[in-house]
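Worksheet for the structure shown next.
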Amino acid sequence: MSSVLVVMEQRGDGKWHRVSLEALAAGQKLAAELGVGCSVAVVGEAGGLVAELAALAGVDVWWVKHELLAKYSADGWVAALQQLVAEAKPGYVVFPHTYQVRDYAPALATRMGQVLISDVTAIGAGPVFTRQWMQGKLNAEYRHVGDGVCLVSVQAGSFQDRGQGPGPRVQKAGEVREFVPVIEVGQIRTRAGEPFREAAQTVDLSAAQVIVSVGRGIGEQENLAMVEELAAAMGAELAASRPICDAGWLPMERQVGSSGQTVAPKVYMAVGISGAIQHLVGMKGAKTVIAINKDEAAPIFEIADVGVVGDLFEIVPALTKALKAGA
Amino acid sequence: MKIVVAVKQVPERDAVVRVGADGRSVDESDLAWTMNEPDAYALEEALQLKERAGEGEIVVLCAGPERVVSTLREALAKGADRAIHVVVPEEGEGSLGTRDALGVATLLADAARAEAADLVLTGLQSDDLGAGQTGVVMAELLGVPHATLVLAVELVDGGLRVKRELEDGWFQQVEMPLPALLTVQSGGNKLRYATLMGIKRAKLKETRAVEAGASGPRVDEVLKVAAPERVKRTEMLTGSADEIAAKIVAKLKMLR
């Protein structure tokens with residue numbers, strides 16, 4: 001019986017990581033297609049989340065507990081999950097593609113002689129797993145080969161969590177089983193400090209109604225002024241994709257994307273942004289996306305409502321001029 | 001301190017990518033190549049660590065066909081001391097495409113192990129396949145502790161203290177003993193350009209070619225590669241810059 005095991009991730013504040021619920025949705029869909037059962041694993045401290053999950057989603061939960069799992073470490077998680085997989089013997093393990101999963105799941109896969117099929121955006125019959133190549137310019141379909149367990153992580157925003165908590169309405173609550181792995185102090189080779197933030201954020205892009213966002217296409221720092229002028233003419237907040245902030249051209253707090261802010265304005269104008277997934281997850285919630293990019297194959301056009309394939313160095317000044325004339 | 005930096009050569013960011021004739025790979029015939037950007041940040045971190053320590057050796061490591069020598073040379077020009085080229089065929093049996101993430105990481109780990117480095121650095125993911133696993137898999141194969149998404153590295157007695165990025169603007173310090181492996185996030189440092197002097201010196205530095213081991217069977221198989229289907233209907237605006245500008249202004253008026 002090649003059942004599906006979903007490894008959930010909880011956050012420090014006693015809530016699920018959002019992508020966990022999406023991973024559960026993906027795991028349940030996969031299990032339904034394969035006609036097998038779906039259970040869940042929760043590692044470490046989880047408070048009331050475990051009982052709530054079993055009751056709401058009707059899934060059986062493995063609660064992996066050990067004093068050395070009070071705090072996340074890759075070594076602890078790899079050791080614990082390797083033992084759980086040996087005990088539960090799933091055919092498939094589904095993870096949310098979070099920073100934490102990226103930190104330990106490849107090592108877990110290696111220890112089992114497997115390869116994580118990472119950052120999956122769709123699961124089709126077979127099962128066939130779709131993941132992006134070339135920053136979203138291509139889709140590649142993968143299949144797991146061999147008898148071993150198949151490990152998959154799913155991309156944020158790709159699988160619908162059903163809204164009212166995890167899972168469909170259930171008749172029967174799931175069963176919670178505690179699993180205590182064998183881990184020794186010496187196995188945990190890293191020591192992690194408490195999470196912290198840098199200086200207080202002064203720019204809150206999440207409340208902005210109109211955002212002009214600039215990406216790599218701008219080429220040089222000197223050219224930013226042109227986009228700043230456009231933002232001013234539109235009455236918009238200025239934002240950027242990661243490379244612009246990495247280069248120090250704009251402060252990190254203006255970054256939109258998985259490592260920056262998540263925004264949901266009425267209008268999001270993407271100037272010279274190709275639309276790598278790390279950026280798209282931060283602005284998918286925008287009501288209307290207007291994209292200007294010279295590359296018609298840029299993934300940003302897949303989510304844009306209005307698109308312009310062209311030279312931003314001509315279009316941006318023309319637009320600023322037109323806005324000023326119309327004001 | 002000896003640092004191995006594992007880098008990958010990837011298609012240039014603006015490259016027009018086409019699906020290969022077999023329908024399950026990228027057509028490489030017309031591509032321009034460059035160093036994977038997160039790996040460039042890993043190299044930069046290594047260079048700065050060496051500069052701060054005032055001593056040390058940086059060995060840059062890349063697996064791929066003949067073309068990757070240009071990327072190794074770029075790393076040497078920026079300041080790496082020597083290079084190791086794990087040679088795999090351009091295509092067919094044993095080429096990178098016939099190896100999965102574990103297979104490629106095994107090639108790199110084998111070469112790194114032979115160097116007995118104190119620290120192995122690599123980028124957090126590649127801009128082409130984007131699996132984001134090579135570094136972590138290498139750490140596991142080498143049997144050393146690791147940290148991912150690293151923005152800053154500090155040497156503390158006998159070990160490392162790194163700042164790693166968490167999600168949503170949070171960070172964390174992690175400490176570990178050496179030897180260790182770190183995957184580097186972009187933006188922690190500013191990338192340097194190679195100087196003319198650096199380019200000249202690079203020509204005198206050693207690039208050692210080592211033959212890649214045979215490739216085992218893949219654990220995963222790529223069945224099909226295709227351009228994504230457009231799900232959303234995008235209204236494309238055309239015309240002169242002024243005409244497009246007028247159309248956008250009209251749209252904006254409707255939207256607000």
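In this text, all values refer to a predicted model and were calculated from it rather than measured experimentally. Chain naming here is simple, since letters A, B, ... match the order of the sequence lines and numbering starts at 1 in each.
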Self-check item: Residues A/Glu194, B/Gln172; criterion side chain to side chain contact (heavy atoms under 4.5 Å, CB included); working and verdict
Solution: CA-CA 6 Å; A/Glu194 289 303 316; B/Gln172 182 181 41; over 6 Å; no

Practice problem: Tell me, with the steps shown, if B/Leu141 and A/Thr110 meet side chain to side chain contact (heavy atoms under 4.5 Å, CB included). | Solution: CA-CA 8 Å; B/Leu141 294 171; A/Thr110 302; 3.8 Å; yes

Exercise. Give the C-alpha distance, both sets of side-chain angles, the deciding distance and a yes or no for side chain to side chain contact (heavy atoms under 4.5 Å, CB included) between B/Met236 and A/Glu296.
Key: CA-CA 10 Å; B/Met236 301 305 284; A/Glu296 62 176 332; 5.9 Å; no

Quiz item: Step by step, would you call A/Arg189 with B/His146 a side chain to side chain contact (heavy atoms under 4.5 Å, CB included)?
Solution: CA-CA 9 Å; A/Arg189 295 167 294 181; B/His146 73 268; 5.5 Å; no

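Contact of A/Val267 with chain B is made through the side chain alone, with heavy-atom distances under 4.5 Å. Only the backbone of B/Val144 comes within contact range of chain A, judged by heavy atoms closer than 4.5 Å. For chain A, no part of B/Thr238 is nearby; none of its heavy atoms comes within less than 4.5 Å. Using a 4.5 Å cut-off between heavy atoms, B/Leu166 touches chain A through backbone and side chain atoms alike. Both the backbone and the side chain of B/Ala131 come within less than 4.5 Å of a heavy atom of chain A. Residue contact with chain B, scored on non-hydrogen atoms closer than 4.5 Å, is absent for A/Gln187. For B/Pro11, the part sitting under 4.5 Å from any heavy atom of chain A is the side chain, from C-beta outward, and nothing else. Residue A/Val210 touches chain B through its side chain alone, counting heavy-atom pairs closer than 4.5 Å. When heavy atoms are compared at a cutoff of 4.5 Å, B/Ala105 does not approach chain A at all. Looking at A/Lys321, the atoms closer than 4.5 Å to chain B (heavy atoms on both sides) all sit in the side chain, from C-beta outward. Of the two parts of A/Lys137, the backbone and the side chain both hold a non-hydrogen atom closer than 4.5 Å to a non-hydrogen atom of chain B. Neither the backbone nor the side chain of B/Leu191 comes within contact range of chain A, judged by heavy atoms closer than 4.5 Å. Within the 4.5 angstrom heavy-atom criterion, only backbone atoms of B/Ala147 (N, CA, C, O) approach chain A.
Top candidate by heavy-atom pairs under 4.5 Å with chain A, chosen from B/Ala246, B/Gly130, B/Ala226, B/Ala227, is B/Ala226. Note on A/Thr320, A/Ile188, A/Ile292, A/Ile315: by heavy-atom pairs under 4.5 Å with chain B, the leading option is A/Ile315. When each of A/Lys294, A/Gln132, A/Arg111 is checked for heavy-atom pairs under 4.5 Å with chain B, A/Arg111 comes out on top. Contacts with chain A were tallied for B/Gly187, B/Ser126, B/Ser25, B/Gly159; B/Gly187 has the most, counting heavy-atom pairs under 4.5 Å. Chosen from B/Val174, B/Val219, B/Leu255, B/Ile248, the residue pairing most often with chain A at heavy-atom distances under 4.5 Å is B/Val219. For the options B/Leu102, B/Val19, B/Val16, heavy-atom pairs under 4.5 Å to chain A are most numerous at B/Leu102. Chain B forms the most heavy-atom pairs under 4.5 Å with one residue out of A/Glu314, A/Met234, A/Met269, and that residue is A/Met234. Options B/Arg24, B/Glu229, B/Glu140 differ in how many heavy-atom pairs under 4.5 Å they form with chain A, and the most are formed by B/Glu140. Of the residues considered (A/Pro243, A/Gly113, A/Gly193), A/Gly193 shows the highest number of contacts with chain B, using heavy-atom pairs under 4.5 Å. By number of non-hydrogen pairs under 4.5 angstrom with chain A, the leading residue of B/Val137, B/Asp100, B/Asp14 is B/Val137. Annotation: maximal heavy-atom pairing with chain B below 4.5 Å, among A/Ala105, A/Ser258, A/Ala140, A/Ala109, occurs at A/Ala140. Among A/Val115, A/Val128, A/Ile303, the residue with the largest count of heavy-atom pairs under 4.5 Å with chain B is A/Val115.
Considering only heavy atoms from C-beta on, A/Thr98 comes within 4.5 Å of B/Glu167 through its side chain. Residues B/Val225 and A/Trp133 form a side-chain contact, since some pair of their non-hydrogen atoms from C-beta on lies under 4.5 Å apart.
Atom CZ of A/Phe196 is separated from atom NZ of B/Lys163 by 5.5 Å, given to the nearest 0.5 angstrom. Taking CG of A/Asp75 as the reference point, atom CE of B/Met176 lies at 9.5 Å (rounded to 0.5 Å). If you take OG on A/Ser118 and CD on B/Gln133, they are separated by 4.5 Å, rounding to the nearest 0.5 Å. To the nearest 0.5 angstrom, A/Leu319 atom CG is 10.0 Å from B/Ile244 atom CD1. To the nearest 0.5 angstrom, B/Asp220 atom CG is 10.5 Å from A/Arg143 atom CZ. The CE atom of B/Met254 sits 9.0 Å away from the OG1 atom of A/Thr288 when rounded to the nearest 0.5 Å.
In this structure, the side chain of B/Lys251 does not engage the main chain of A/Ile290 through any donor-acceptor pair within 3.5 Å. In this structure a side-chain-to-backbone donor-acceptor pair under 3.5 Å is missing from B/Thr234 to A/Gly307. For A/Thr190 (side chain) and B/Glu175 (main-chain N/O), no donor-acceptor pair under 3.5 Å exists by modelled atom type. Of the possible donor and acceptor atoms, one in the side chain of B/Lys190 sits under 3.5 Å from a partner among the backbone N and O of A/Ala247. A donor-acceptor contact shorter than 3.5 Å links the side chain of A/Arg242 to the backbone of B/Ser186.
Crowding of A/Lys284 atom NZ: a count of heavy atoms from other residues, nucleotides or ligands under 6.0 Å exceeding 12. When the shell of 6.0 Å around CZ of A/Arg216 is examined, it contains more than 12 heavy atoms from other residues, nucleotides or ligands. Crowding of B/Asp157 atom CG: a count of heavy atoms from other residues, nucleotides or ligands under 6.0 Å not exceeding 12. The number of heavy atoms from other shown groups lying within 6.0 Å of NZ (B/Lys247) is above 12.
Inspection of the B/Gln125 and A/Arg102 side chains reveals an N or O donor paired with an N or O acceptor under 3.5 Å. Neither side chain, B/Glu221 nor A/His144, offers a donor N or O lying under 3.5 Å from an acceptor on the other. With no hydrogens or angles considered, a side-chain donor-acceptor pair links B/Glu165 and A/Tyr99 at under 3.5 Å.
With respect to B/Arg164 and A/Asp103, a salt bridge is recorded, a charged nitrogen being found less than 4.0 Å from a carboxylate O.
Across all non-hydrogen atoms, the minimal contact from A/Gly136 to B/Pro228 is O-CG, 3.6 Å. Among all heavy-atom pairs drawn from A/Pro106 and B/Gly132, the shortest one is CG-O, 4.4 Å. Considering every non-hydrogen atom in both B/Ala241 and A/Ala318, the closest pair reads O-CB, 3.7 Å.
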